[in-house]
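Taking it in order: structure first as structure tokens, then the write-up.
Note that these values count all heavy atoms, side chains included, but never hydrogens, waters or copies made by symmetry. In what follows, residues are counted from 1 in the order of the sequence shown.
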Amino acid sequence: MTGIRLLVVGGYSEEERWRVPRLPRAGEPVHAESFERRPGGKAFHQAVAAAHTGTGTGLIAAIGDDIIDPSGLPPLVDARWQVVSGTRTGRTGLFEEPRGQSLAVLSSGANEHLDAAFVAAQGDLFDEASVLLASAEANIDTIAAALEFAGAKRLLRILDPGPLPPRLSVREFASTDVLLLGLHEFAHACGRFLNIDVTAQAVTGMGDATINALARRLCAGTVVISLEKSCLVSHGADRHDDPTDLYRLPACGHGDAFKGTLAARLTTPGSFKEALTAACERTPPL
């Protein structure tokens with residue numbers, strides 16, 4: 001495939017979804033109303049969302065040798081799968097109830113074995129793309145290498161670090177041009193990397209200047225924090241054609257569809273705010 005503008009590197013998993021009348025309590029089984037198995041994982045969903053904007057998208061991820069068919073990708077996605085022998089494909093178990101509450105259980109499987117050499121061997125995708133979207137759902141050393149490789153190729157580097165894995169470090173933040181954080185992820189990052197114990201609820205009560213001061217300590221690039229009903233944007237040295245360093249967008253998107261759409265929009269001319277607004281409109285708040 002030619003015309004790749006966005007490259008997505010990260011995790012693939014088989015999703016198993018149970019819809020239940022209510023979430024189970026400890027030690028109490030609940031009968032599911034329905035069950036569904038489908039392809040998923042952060043990188044997979046992000047690549048699908050990006051392709052649905054009409055953007056040529058490359059995808060690099062790992063699967064096991066357990067007869068998994070990673071089907072469901074749109075034609076605009078050029079997928080490169082590293083098959084890891086003797087390892088199961090990643091799994092995600094989701095339990096969802098009618099009010100929108102959910103529980104999720106992740107098993108990394110082959111994602112933890114995504115190899116930096118395999119990623120580097122897909123150099124044609126790096127050469128074509130202008131933006132990299134990396135998720136920390138795969139081997140973190142490989143994600144760090146992908147960010148550095150993309151930097152050498154002068155790609156705009158976007159990092160989706162959530163949920164923050166144990167081995168994530170400031171190394172990855174330092175190699176990032178745009179850092180995407182949810183409310184809880186921002187609070188956790190402040191605790192882990194800044195030694196500031198703050199809750200998500202406390203963050204919602206902070207002023208923009210306070211949040212901005214914390215964001216500037218986390219990452220030298222742009223930080224986007226998805227709050228409950230808005231997105232706060234804190235720019236570093238590069239404003240990406242925005243007129244101000246700090247602003248709050250009165251709209252908010254969540255999840256992998258939002259992130260994939262934003263990354264796709266950033267492959268086209270225009271300001272960061274325009275791309276963010278378009279992504280929020282396409283993927284409204286939960």
Side-chain angles (χ1 to χ4, degrees), residues 6 8-53 57-115 118 133-140 142-143 160-165 182 184 253-261 263-264 282-284 286:
L6 170 66
V8 182
V9 179
Y12 174 84
S13 66
E14 290 289 297
E15 290 184 352
E16 298 178 343
R17 292 174 175 259
W18 287 264
R19 298 194 181 276
V20 293
R22 59 178 175 79
L23 297 180
R25 301 184 182 92
E28 178 188 23
V30 173
H31 288 282
E33 297 173 342
S34 65
F35 170 78
E36 178 186 14
R37 179 182 285 116
R38 65 187 190 186
K42 296 184 76 66
F44 178 89
H45 288 309
Q46 291 164 359
V48 169
H52 283 162
T53 71
T57 304
L59 170 63
I60 302 175
I63 57 176
D65 58 0
D66 48 349
I67 319 178
I68 291 295
D69 176 19
S71 59
L73 285 170
L76 285 176
V77 177
D78 184 347
R80 310 285 176 88
W81 303 106
Q82 178 188 354
V83 180
V84 184
S85 299
T87 302
R88 292 182 61 86
T89 298
R91 293 289 194 279
T92 302
L94 297 169
F95 303 85
E96 303 170 328
E97 52 95 55
R99 293 175 299 176
Q101 298 295 314
S102 64
L103 292 174
V105 180
L106 309 177
S107 175
S108 296
N111 292 317
E112 187 56 34
H113 300 278
L114 182 63
D115 186 68
F118 179 83
L133 173 57
S135 70
E137 206 174 53
N139 183 296
I140 198 62
T142 299
I143 296 303
D160 169 20
L164 308 186
H184 293 277
H254 295 272
D256 295 322
F258 162 69
K259 294 164 186 173
T261 302
R282 192 178 182 94
T283 54
L286 298 175

Residues in side-chain hydrogen bond (donor to acceptor under 3.5 Å, both in side chains) contact with T53, at least two apart in sequence or another chain:
T55
Look at the aromatic rings of W18 and F35 and report parallel, tilted or perpendicular, splitting at 30° and 60°.
tilted
Quick test of your reading: applying side chain to side chain donor-acceptor pair (under 3.5 Å), list the pairs with at least one residue in residues 19-30, sequence neighbours left out, ordered by first then second residue.
R19-E96, R22-E28, R25-E28
Who passes ring pair (Phe, Tyr, Trp, His ring centres under 6.0 Å) against F118, sequence neighbours left out?
none
Locate the shortest heavy-atom distance separating [X] from [Y]; write the atom from each residue and the value.
X	Y	result
A62	A110	CB-O, 3.4 Å
A264	L6	N-CD2, 4.0 Å
A136	P165	O-CG, 3.7 Å
R91	S13	N-CB, 3.8 Å
L133	A263	CD2-CB, 3.9 Å

So do P39 and V48 actually touch side chain to side chain, heavy atoms under 4.5 Å?
no
Pair D115, Q82: side-chain N/O donor-acceptor within cut-off below 3.5 Å:
no
Please assess E15 against R38 for the test salt bridge (charged side-chain N to carboxylate O under 4.0 Å, His left out), listing each intermediate value before the final yes or no.
CA-CA 5 Å; E15 290 184 352; R38 65 187 190 186; 3.5 Å; yes
Spacing of CG belonging to L23 relative to CD belonging to E97, to within rounding of 0.5 Å
5.0 Å
